[in-house]
Amino acid sequence: MSQYNEFSGVYSLLLTPFNWDRTLDYKTYEEYVEWQASFKPQHLFAVCGSSEMMELTQEERVKCAGLAVKNSNGVPVFATGNLESDFNAQIEEMKKLEQQGVSGLVFVTRGMCDKPDELYDYITSLASHTELPVVLYEFPGMHPHCMDSITYGKLAATGKIKGIKDTTCKMPEIEAKIAVQGDSNVLQANIPFLYDSYLKGARGVVATPTSCGADLFVKMWDEFSNGDLEAARKTHQNIIALDNCIDSGFCASAKYLVGLRGINMKWYTRGNHNLSPARIRSIEVWYDWAKENGILD
């Protein structure tokens, strides 16, 4: 366990529940956060891609982050703080998130990864305006989003950057970041390479299926970090099945599965997602199978 630290482990993503008119369903959100925290991940990640963060107003983002903190039962909450286009507005939102009690901030790479020197200066300058730890996020919604390992190594060496959500989905690039992570944490978003990346030295996971199956990810992390590699490998197989179940129509599909698991969450999103009757039935059949085989409750 010595290779891990307080910023390692499972970061469970938080979905945003909506009412039929696409206003936020804050009551369900609070229940959902408490449910996610009950699986005891190392962290919760509010205001993320799976939260539909680009479809939320700043006021909604800040409120969701605060409600996540309030209902997390002590699980540290990270939230994205640099979505506004203006640098000073980003600083203002960061301060609002700090006031809500988040434990750390997440910075997206903002489509600057083809300008590594500019990206380095931007991240270090923004980080200088907060005392909170920072995790980076290669958010696919802003291209180009994947940071090269040299730039990441330089940022990790500052000590301010505690990790990165790597979304390259390519083992050579994942390994390149792991080679320079130092005391920081390469956190994996790709499900097929999750077990492989752990073997190579990745120190955690921040992936879409944690939004509806965090218990499986906590189980796999505990197994792997305790040295039971065979058990972790088998749990990874179940995670692959979960990922395939929700891949089409995410994040509506994940919301529907959360509903099946006991949280009164509607599958509505602010995007153009639509779950057909056949897609809904597919999720139901898979969930029945997962329950019958003791994979999910």
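Being a predicted model, the structure only gives us computed values, none of them experimental. Sequence positions, counted from 1, serve as the residue numbers for this chain. Heavy-atom basis, side chains included; hydrogens, waters and symmetry copies ignored.
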Any chance you could measure I263, atom CD1, to W35, atom CH2, to the nearest 0.5 Å? 6.5 Å
Please tell me if the side chains of W286 and N244 come closer than 4.5 Å, counting only heavy atoms from C-beta onward. no
Any non-hydrogen side-chain atom of M171 less than 4.5 Å from a side-chain atom of F193? yes
Does T269 have any side chain to side chain donor-acceptor pair (under 3.5 Å) partners at least two apart in sequence or in another chain, and if so, which? H273
For the pair S197 (side chain) and Q188 (backbone), establish whether a donor and an acceptor sit closer than 3.5 Å, ignoring hydrogens and angles. no
Does a donor on one side chain and an acceptor on the other come within less than 3.5 Å for T23 and N19? yes
For K200, does the NZ atom sit with more than 12 other heavy atoms under 6.0 Å from it, leaving out its own atoms? no
Please indicate whether K234 has more than 12 foreign heavy atoms, meaning atoms of other residues, nucleotides or ligands, lying under 6.0 Å from its NZ. no
Check this for me: does any side-chain nitrogen of one of E52 and R61 sit under 4.0 Å from a carboxylate oxygen of the other? no
Quick one: are P17 and K266 in side-chain contact, heavy atoms under 4.5 Å? no
Indicate whether the side chain of Y256 and that of E284 have a donor and an acceptor atom separated by less than 3.5 Å. yes
Would you indicate whether K160, at its atom NZ, is surrounded by more than 12 heavy atoms from other residues, nucleotides or ligands within a distance under 6.0 Å? yes
Compare all side-chain heavy atoms of L194 with those of V205 and state whether any distance is below 4.5 angstrom. yes
Partner set under ring pair (Phe, Tyr, Trp, His ring centres under 6.0 Å) for F78, not counting sequence neighbours: Y11, H43
Expected output: side-chain D228 to main-chain F224 donor-acceptor under 3.5 Å: no
CD1 of I178 to OG of S149, rounded to nearest 0.5 Å, is 11.0 Å
Rounded distance [0.5 Å steps], OG in S211 versus CD1 in I246: 5.0 Å
Can R261 and D215 be counted as an ion pair, charged N to O under 4.0 angstrom? yes
With a 6.0 Å cut-off (strictly less than), is the heavy-atom count around CD1 of I150, excluding the residue itself, greater than 12? no
Please say whether more than 12 non-hydrogen atoms of neighbouring residues, nucleotides or ligands are located less than 6.0 Å from NZ in K291. yes
Does atom CG of N264 have more than 12 heavy-atom neighbours from other groups under 6.0 Å away? no
So P133 and F7, do their side chains get closer than 4.5 Å, heavy atoms only? yes
Under a plain distance cut-off of 3.5 Å, with no hydrogens placed, do N82 and Y122 share a side-chain donor-acceptor pair? yes
Donor-acceptor check, side chain of Q36 to backbone of L13, threshold 3.5 angstrom: yes or no? yes
Can you check whether C113 reaches D148 side chain to side chain, under 4.5 Å on heavy atoms? no
Quick one: do K177 and E173 make a salt bridge, cutoff under 4.0 Å? no
After noting the C-alpha distance and the side-chain angles of L14 and Y32, does the key distance pass the side chain to side chain contact (heavy atoms under 4.5 Å, CB included) rule? CA-CA 8 Å; L14 297 179; Y32 168 64; 4.0 Å; yes
Go through the side-chain N and O atoms of E34 and N71 and say whether any donor and acceptor fall under 3.5 Å apart. no
With a 4.5 Å heavy-atom cut-off, do L119 and M147 have their side chains touching? yes
Any chance you could measure L56, atom CG, to L24, atom CG, to the nearest 0.5 Å? 6.0 Å
Taking R233 first and then E230, would you say they form a salt bridge - that is, a charged N and a carboxylate O separated by under 4.0 Å? yes
Side-chain donor/acceptor of D247 to backbone N/O of D243, under 3.5 Å: no
Under the side chain to side chain contact (heavy atoms under 4.5 Å, CB included) rule, what do C146 and T167 come out as? Steps first, then yes or no, please. CA-CA 7 Å; C146 292; T167 64; 4.1 Å; yes
Please step through side chain to side chain contact (heavy atoms under 4.5 Å, CB included) for the pair L83 and M142, ending with a clear verdict. CA-CA 10 Å; L83 295 178; M142 297 180 181; 4.3 Å; yes
Donor-acceptor side-chain pairing of Y4 and Q42 below 3.5 angstrom: no
Check ring pair (Phe, Tyr, Trp, His ring centres under 6.0 Å) between Y120 and all other residues, then give those that pass, not counting sequence neighbours. none
Do we see a donor-acceptor contact under 3.5 Å between the side chains of Q100 and K63? no
Answer yes if the side chains of N5 and N185 hold a donor-acceptor pair under 3.5 Å, and no otherwise. yes
Rounded at 0.5 Å granularity, tell me how far CG in D25 sits from CD in E31. 8.0 Å
Given the rule in the side-chain hydrogen bond (donor to acceptor under 3.5 Å, both in side chains) test, do Y152 and S184 qualify, once you have shown the distances and angles that lead to the verdict? CA-CA 10 Å; Y152 180 65; S184 75; 2.6 Å; yes
Pairing donors with acceptors under 3.5 angstrom, does anything connect the side chains of E223 and T235? yes
Could you walk me through whether M220 and Y198 pass side chain to side chain contact (heavy atoms under 4.5 Å, CB included), step by step? CA-CA 10 Å; M220 181 184 176; Y198 280 179; 4.0 Å; yes
Would the number of heavy atoms belonging to other residues, nucleotides or ligands and lying under 6.0 Å from CG of N272 be above 12? no
